[in-house]
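Remarks on the structure that follows.
We're numbering straight along the sequence, starting at 1.
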Amino acid sequence: MPAVTVSDITVLPRIHQPDPAVARERAVKSVTTAPSGYEGEGFPVRRAFAGVDLKDLDPFIHMDQMGEVEYAPGEPKGTPWHPHRGFETVTYMLDGIMEHQDSQGGGGVISNGDTQWMTAGSGLLHIETPPEHLVTSGGLFHGVQLWVNLPKAQKWAAPRYQDIRGGDSALLSTHDGGSLLRVIAGSVDGHDGPGSTYSPITLVHATVSPGAELVIPWQPDYNALVYVLAGQGTVGAERRPFRKGQLAVFGPGDTIRTAAATTQPQAEPNLDVLIIGGRPIREPIAMAGPFVMNTRAEVIQAFEDFQAGKLGSIPAVHGAPTELRSTN
């Protein structure tokens, strides 16, 4: 899990250690285990938010850990063309390469540590696939896709696309150098990540060394979720054990605590976690498939607009026009 790393963590800015006398440490509400499934053309995923109440997730809706899988030559898979409306998709690649293309002309390539932030807004079509050379060669594939809800006022915003290079993330260290933090969006202890968001959120990938503890200040009006990408450890002041594929949901407060076990699996030498949180939107949610709206009527309208070709057309390939068809 290389993502973005540094040769000397001691030169990085350090987050301050919250004062235990005044900090309000968040208690752990739940720890859930993500079930495994398949997405798109058949790549394996863990459904990180399965079984968690949407009220605890708000403003987030859905998250998949894609892989970690070692593909043989000819095996890498992606997703076919499909629509979205009413939310944002955030794709963070840890290993491997993914190409993106949408019906608005956006697109790009992301690899180790890069993030692809697509605001679907009023609607578009897009496709995510591994490049042809990776299909031919095979290789390691590992990433995360997070869905972020849009407030009602922004659900009809024009689609946009952000290409965030891994090296653009704000890199921070804990006071003792035991943890490396990559701030992709939002702010941690006054250090801002590069991602621009409609809903106020923070997205952090932290690597915690064996035996180290990460105590991080957290926006008190945000919710707080910690998902384990690799390794094992404990979470909260109560030191509840958690491991790869598990999600911890926190209650109110202004500080989050997690710690890496002294002994880690041989293939995963550190505890790697995604720390996410945002200000809840607290609006009605109606969603079905690739559409996240406020009412059932809006979802039905989204399906009708898709079938009528109003969300865009699949770009022509090699000069041959391709008609948009429903994938129902």
Side-chain angles (χ1 to χ4, degrees), residues 15-16 18 23-32 34 48-65 87-92 115 117 119 144-151 154 164 169-172 174 179-208 213-229 233-238 240 242 246-259 271-283 285 292:
I15 60 173
H16 81 274
R24 294 184 301 116
E25 188 158 337
R26 291 176 180 247
V28 177
K29 292 180 65 175
S30 66
V31 174
T32 54
F49 293 165
V52 181
D53 194 309
L54 278 175
K55 291 180 180 178
D56 287 329
L57 299 175
D58 187 12
F60 309 105
I61 304 162
H62 173 85
M63 189 169 80
D64 280 341
Q65 181 179 7
F87 65 103
E88 300 181 289
T89 64
V90 182
T91 306
Y92 175 50
T115 301
W117 202 297
T119 302
V144 173
Q145 186 169 96
L146 172 68
W147 290 13
V148 186
N149 197 12
L150 286 170
Q154 275 80 49
I164 303 171
S169 299
L171 301 181
L172 309 173
T174 46
S179 301
L180 170 64
L181 286 73
R182 308 160 187 86
V183 185
I184 299 168
S187 181
V188 174
D189 200 26
H191 301 275
D192 299 332
S196 174
T197 69
Y198 281 104
S199 302
I201 70 169
T202 295
L203 172 60
V204 179
H205 173 195
T207 300
V208 188
E213 189 169 62
L214 170 61
V215 182
I216 181 174
W218 202 250
Q219 191 92 359
D221 59 339
Y222 282 18
N223 64 351
L225 313 166
V226 177
Y227 178 76
V228 184
L229 295 167
T234 62
V235 64
E238 54 271 56
R240 291 182 63 171
F242 73 156
Q246 292 190 318
L247 175 78
V249 177
F250 289 82
D254 57 18
T255 303
I256 296 173
R257 182 186 300 269
T258 187
L271 173 67
D272 274 272
V273 295
L274 274 186
I275 308 172
I276 61 176
R279 187 174 299 139
I281 298 173
R282 296 191 176 94
E283 293 178 350
I285 294 177
V292 182

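Remark: of the listed residues Ile61, Val90, Ile281, Val90 is the sole one forming a side-chain contact (heavy atoms from CB on, under 4.5 Å) with Val148.
For Asp254 (side chain) and Pro220 (main-chain N/O), no donor-acceptor pair under 3.5 Å exists by modelled atom type. Side chain of Thr174 to backbone of Glu213: no donor-acceptor contact under 3.5 angstrom is found. Asn223 places a side-chain N or O within donor-acceptor distance of the main-chain N or O of Gly278, the cut-off being under 3.5 Å. Side chain of Asp189 to main chain of His16: a donor-acceptor pair is present (N/O by atom type, distance under 3.5 Å, no hydrogens or angles).
Counted by atom type alone, Thr255 and Glu25 present zero donor-acceptor pairs between their side chains at under 3.5 Å. No side-chain donor from either of Thr234 and Arg257 sits under 3.5 Å from a side-chain acceptor of the other.
Partners of Asp56 by salt bridge (Lys or Arg N to Asp or Glu O under 4.0 Å), not counting sequence neighbours, listed by chain and number: Lys29.
Note that OG1 of Thr197 is 13.0 Å distant from CD1 of Ile184, once rounded to the nearest 0.5 Å. Taking CZ of Arg26 as the reference point, atom CD1 of Ile256 lies at 5.5 Å (rounded to 0.5 Å). In this structure, the separation between CG on Leu146 and CD1 on Ile201 is 6.5 Å, given to the nearest 0.5 Å. The NE2 atom of His205 lies 9.5 Å from the CG atom of Leu181; values are rounded to the nearest 0.5 Å.
Ring pair Phe60/Phe49 is tilted by interplanar angle, where 30° to 60° counts as tilted.
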>> Quick one, Glu88 with Tyr198, criterion side-chain hydrogen bond (donor to acceptor under 3.5 Å, both in side chains). Give me CA distance, side-chain angles, the key distance, then yes/no.
In response: CA-CA 9 Å; Glu88 300 181 289; Tyr198 281 104; over 6 Å; no
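Contact between Ala248 and Val235 at its shortest, heavy atoms only, is CB-CG2, 3.9 Å.
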